[in-house]
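Below, all heavy atoms of this structure are taken into account, side chains as well, without hydrogens, waters or symmetry copies.
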Amino acid sequence: MSDSARMWVIVPAHQEEARLGNTLRALAAQHDKDFTLLVVDNGSTDATPAVARAFATEAPFPVHVVGEPEKGVGCAVDTGFRYAIERGAEILARTDADCLPRPGWTAAARAALDGGSGSGSGAGMVCGHITARRDENGPLARAGFALLVRLAALFGRLRPAHARRHGYLAPYRMHAGNNMAITARLYEAVGGMPRRPSPTDRLFLNRVRRHTPHIARSRAMVVENSTRRLRAYGITGTARWYLDRGPGRHGEDPR
């Protein structure tokens, strides 16, 4: 099996006509281009799928575009991962349609998971490092975002519900769904991504933690993260969102 068939990158997208192109160009700039790209259009009414199909005509790797009408990032991700697995994928990496993976991203994901089964040697899942997008934020804003990420990671580790006495086999690690990779075997073993709207990251991580201790973190696997939810909701609203308590007075998720 070719490397491009073994590794798939899945990008869920909803109403991302204006942003998807930059994400696709960031993937085209990867040092390791031996993968297949799958864009999952989650019921967009704008030109999101057209942007993906136009990119496919000149992409340096195979590109698939599929639709998932059921609303929710979890639905789109699960549909995409299972589509890739049915076509022979062994390594599944995910980023989002408003994020910019740095050029070493796919190589770092492959290095972390190649040979890892989730039940034997090596990692079954790897969580990367997120930073604020440089084209959206200046140095002070990026430093503030980095501080918030560190505080969120600390809160996650200290939160009683995440303690290993609750049956978890691995310690809690900061997990961003827009920067992760997992083996197909482990993905199927844990039952896949929760098919629901965002947030899904913590729920999925805890599914994996209950199944295996083989969860790694890669500092070389870097994604520049959009901060538009943080700008729209503020710190308190964003915290409520990730704790699955809703966005408070805010409306629909801006992402």
Within the side chain of R207, is there an N or O that forms a donor-acceptor pair under 3.5 Å with the backbone of G192? yes
Is there a side-chain contact between N206 and H162 in this structure, where contact means two heavy atoms from C-beta onward sitting under 4.5 Å apart? yes
Flag if over 12 foreign heavy atoms under 6.0 Å of CG, L140: no
Compare every heavy atom of V63 with every heavy atom of A52, then report the nearest pair and how far apart it is. O-CG1, 4.4 Å
Is T200 reaching over with its side chain to a backbone N or O of P194, donor-acceptor style, under 3.5 angstrom? no
Criterion side chain to side chain contact (heavy atoms under 4.5 Å, CB included) on V11 and L27, from CA distance to verdict: CA-CA 10 Å; V11 179; L27 290 170; 4.1 Å; yes
Ring center gap for Y187 and F204 short of 6.0 angstrom: yes
Any donor and acceptor pair, going by atom type alone, linking the side chain of T212 with main-chain N or O of H214 inside 3.5 Å? yes
In the structure I gave you, are the side-chain heavy atoms of I215 and C127 within less than 4.5 Å of one another anywhere? yes
Test: R6 and D114 ion pair at under 4.0 Å: yes
Test log, rule side chain to side chain contact (heavy atoms under 4.5 Å, CB included), inputs R209 and R173: CA-CA 10 Å; R209 291 177 66 215; R173 294 178 180 273; over 6 Å; no
When you look at R94 and M193, which way does the side chain to side chain contact (heavy atoms under 4.5 Å, CB included) test go after all the steps? CA-CA 12 Å; R94 173 198 160 188; M193 185 70 64; 4.2 Å; yes
Would you say the side chain of R195 lies within less than 4.5 Å of the side chain of E68, judging by non-hydrogen atoms? yes
Shortest non-hydrogen pair, R164 vs P171, comes out as NH1-CD, 3.8 Å
Nearest-0.5 Å distance, CE of residue M125 to CG of residue L205: 5.0 Å
Side-chain donor or acceptor of D41 paired with backbone N/O of P49 under 3.5 Å: no
Any heavy-atom pair between the side chains of F81 and E188 that's under 4.5 Å? no
How about S226 and E136: do any of their side-chain heavy atoms sit closer than 4.5 Å? yes
Tell me whether D201 contacts the main-chain N or O of G177 through its side chain, where contact means a donor paired with an acceptor under 3.5 Å. yes
Search all heavy atoms of A93 against all heavy atoms of W105 and return the closest pair with its distance. CB-CH2, 3.8 Å
A side-chain contact here means heavy atoms from C-beta on lying under 4.5 Å apart; do L158 and Y172 qualify? no
Kindly compute the distance separating CE (M221) from OG1 (T95), expressed to the nearest 0.5 Å. 8.5 Å
If we ignore hydrogens and angles and just use 3.5 Å, is the side chain of T57 paired with the main-chain N or O of A54 as donor and acceptor? yes
Between the CG atom in N137 and the CZ atom in R142, the distance rounded to the nearest 0.5 Å is 7.5 Å
Please report the interatomic distance CG(L100) to CG(N178), rounded to the nearest 0.5 Å. 10.5 Å
What one should report as the nearest heavy-atom pair of L92 and A84 is CD2-CB, 3.7 Å
Spacing of H64 atom NE2 and I10 atom CD1 [to the nearest 0.5 Å]: 10.5 Å
Does any non-hydrogen side-chain atom of M174 lie less than 4.5 Å from one of R150? no
For the residue pair R87 and Y83, would you count it as a cation-pi contact if the rule is NZ or CZ under 6.0 angstrom from the ring centre and within 45 degrees of the ring axis? yes
Distance, nearest 0.5 Å, that separates CD of E90 from CG of L113: 11.5 Å
Scanning both residues in full, the closest heavy-atom pair of H211 with A189 reads NE2-CB, 3.5 Å
If I compare all heavy atoms of A123 with all of A216, which pair ends up nearest, and what's the gap? CB-CB, 3.7 Å
Among the clusters formed by ILVMFWY side chains lying less than 4.5 Å apart, do V222 and M180 turn up in the same one? no
Would you say D98 and T23 make side-chain contact, with heavy atoms under 4.5 Å? no
Looking at N42, T48, T45, which hits side-chain hydrogen bond (donor to acceptor under 3.5 Å, both in side chains) with Q15? T45
